[in-house]
There are 2 protein chains.
Amino acid sequence: MPDAHHTTRARQRELTRGALVREGRRLFAAEGYAAVGLAEIVRAAGVTKGALYHHFDGKAALFRAVLEVVQQEVAGRVAAAAGAEDDPWAQLTAGCRAFLTAGTDPEVQRIMLLDGPAVLGWNEWRALDEAASARHLTEALAGLTAAGEIPPQPVEPLTRLLSGAMNEAALWLASSHGPTDLDDTWAALSRMLEALRAGPPAR
Amino acid sequence: MPDAHHTTRARQRELTRGALVREGRRLFAAEGYAAVGLAEIVRAAGVTKGALYHHFDGKAALFRAVLEVVQQEVAGRVAAAAGAEDDPWAQLTAGCRAFLTAGTDPEVQRIMLLDGPAVLGWNEWRALDEAASARHLTEALAGLTAAGEIPPQPVEPLTRLLSGAMNEAALWLASSHGPTDLDDTWAALSRMLEALRAGPPAR
DNA sequence: TCCTTTCACATACCGATGGTATGTGAAGTA
DNA sequence: TACTTCACATACCATCGGTATGTGAAAGGA
């Protein structure tokens, strides 16, 4: 029997792996993927490189594990914000707003938005993103089109456009010091979303 | 007198630098920034590492020079498409469409959209982007708001949202094989742009 | 209980890479 | 011609990601 977690070995294993992911996340976020070495990570975690290569296939694999944690956290915040609403449309807007604010966190930025695509490649990054938060966006949009609140159209391009817009906006917000920048950005994004609901304007 | 370009030395200098940028671009685009070594670049260019470090401060500086070339090319295509139109609104849409198609080029993708922000940092990447193509977008939006075609609002957030949407859409298009994906994406983006012109819908 | 196996690491080591310090010969200059 | 400058080439180094192997404690069976 695996006896997961209750044996001495399983407990220690989880502890070591957790420390590696935790310190890896801290250092990757602080200095960036390329700037931090494995020696620094294992020293901070109190282990050696042998432990790291026992748990992960390499530096990129550790980063991938870190990215998964970060994305799950962001997805949790988005889902919580959306879950607090009843109306499907309100759920979409609340989720987008939560994502926008979550993206302003420097840790999220560096790991999820900057290094993520470059280190893992865009396809793998997108697969993780899809599994975490982008899935909610797709489902929300699909539900709204099915309900007739959004004119029928492929949801995939819409998801990518909105996701990219929010990612870039979050990165910009981090390096802009205007007090109204967040509000202005949200106002513009909100107008984009409203335009979806209203459908294409009569010409 | 500098005698720029007409002396033997200046001519040779330009040749060497050009070869480094050209081969660097080819290799960076093909394998990605991290995967290609300086030895490979200088061998392809027919010089040595001494030449590279004579012209550039390091690997990142060479990449920066490559990125500038790529961004100028994209900006040229966007400006050409926009310049073919007379109406300011048609210029905006034509420019956006040109940018979207330009972004599907694998070379542009890898260098400008994937490695660019991660290698140089988002702030420096954005400064280059602003100097090249994003400036046109900002000016077009500013002109349209001044002309009353777009409701008055800060143009900076709008620029970032649209720029991010197009960047992400271009990356997605590269790895999607649906024949109508490009058309669908452009249709969705076009609706977003139209929504700007129409202004916020009555609620 | 004793022996064996497995596992979760630690230790030692290697090739490759970005970067630097220095040498060199031709092009420019007085 | 003598001297200086420049555009590289050569030689070298520290560090990094990755690997191969060793090791001692925990798990499992008799």
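All chains are named by letter (A, B, ...) in the order of the sequence lines, taking the proteins before the strands, and each is independently numbered beginning at 1.
Nearest-nucleotide positions on DNA chain C place A/G46 closer to the 5' end than the other of A/G46 and B/G37. Comparing A/G50 and A/Y33 by the nucleotide of DNA chain D that holds the closest heavy atom to each, the one mapping nearer the 5' end is A/Y33.
Each of D/dA9, C/dG19, D/dG17 was ranked by its minimum atom distance to the side chain of A/K49; first place goes to D/dG17. Distances were taken from every side-chain heavy atom of A/Y53 (C-beta onward) to each of C/dA10, D/dT10, D/dT19; the shortest belongs to D/dT19.
One atom, CZ of B/R13, and another, P of D/dT5, lie 16 Å apart when rounded to the nearest Å. Here the C1' atom of nucleotide C/dT17 and the CG atom of B/L62 are 15 Å apart, to the nearest Å. Regarding B/Q12, its CD atom lies at a distance of 9 Å from the C1' atom of D/dC8, rounded to whole Å. Regarding A/R43, its CZ atom lies at a distance of 13 Å from the P atom of D/dG17, rounded to whole Å. The CZ atom of A/F56 sits 16 Å away from the C1' atom of D/dG17 (whole-angstrom rounding). Here C/dA16 presents its P atom at 13 Å from CD of B/E40, a figure rounded to the nearest Å. Rounded to whole Å, the distance from CG on B/L38 to P on D/dA11 is 19 Å. Protein atom CG of A/D57 is 10 Å distant from nucleotide atom P of D/dG18, rounded to whole Å.
One distance of note links CG of B/L182 with CG of B/L173; it measures 5.5 Å at 0.5 Å rounding. Between the CZ atom of A/F63 and the CZ atom of A/F56 there is a distance of 13.0 Å, given to the nearest 0.5 Å.
The side chain of A/H54 places no N or O atom within less than 4.0 Å of a non-bridging phosphate oxygen (OP1 or OP2) of C/dC7. The shortest distance between the side-chain N/O atoms of A/T16 and the OP1/OP2 oxygens of C/dA8 is not below 4.0 Å. The side chain of A/T8 places no N or O atom within less than 4.0 Å of a non-bridging phosphate oxygen (OP1 or OP2) of D/dA25. For the OP1/OP2 pair of C/dA8 and a distance below 4.0 Å, the side-chain nitrogens and oxygens of A/H55 include no atom meeting the criterion. Between A/R9 and D/dA27 there is no side-chain N or O to OP1 or OP2 distance below 4.0 Å.
Salt-bridge formation is detected for the pair B/R126/B/E156: a Lys NZ or Arg NE/NH1/NH2 atom is positioned less than 4.0 Å from an Asp or Glu carboxylate oxygen. We find that A/R160 and B/E168 are joined by a salt bridge, their nearest charged nitrogen and carboxylate oxygen being less than 4.0 Å apart. Between B/E23 and B/R26, at least one side-chain nitrogen of the basic residue sits less than 4.0 Å from a carboxylate oxygen of the acidic one, meeting the salt-bridge criterion.
For B/K59 against C/dG19, no side-chain N or O and base N or O form a donor-acceptor pair under 3.5 Å.
Heavy atoms of B/V36 sit under 4.0 angstrom from primed sugar atoms or phosphate atoms, though from no base atom.
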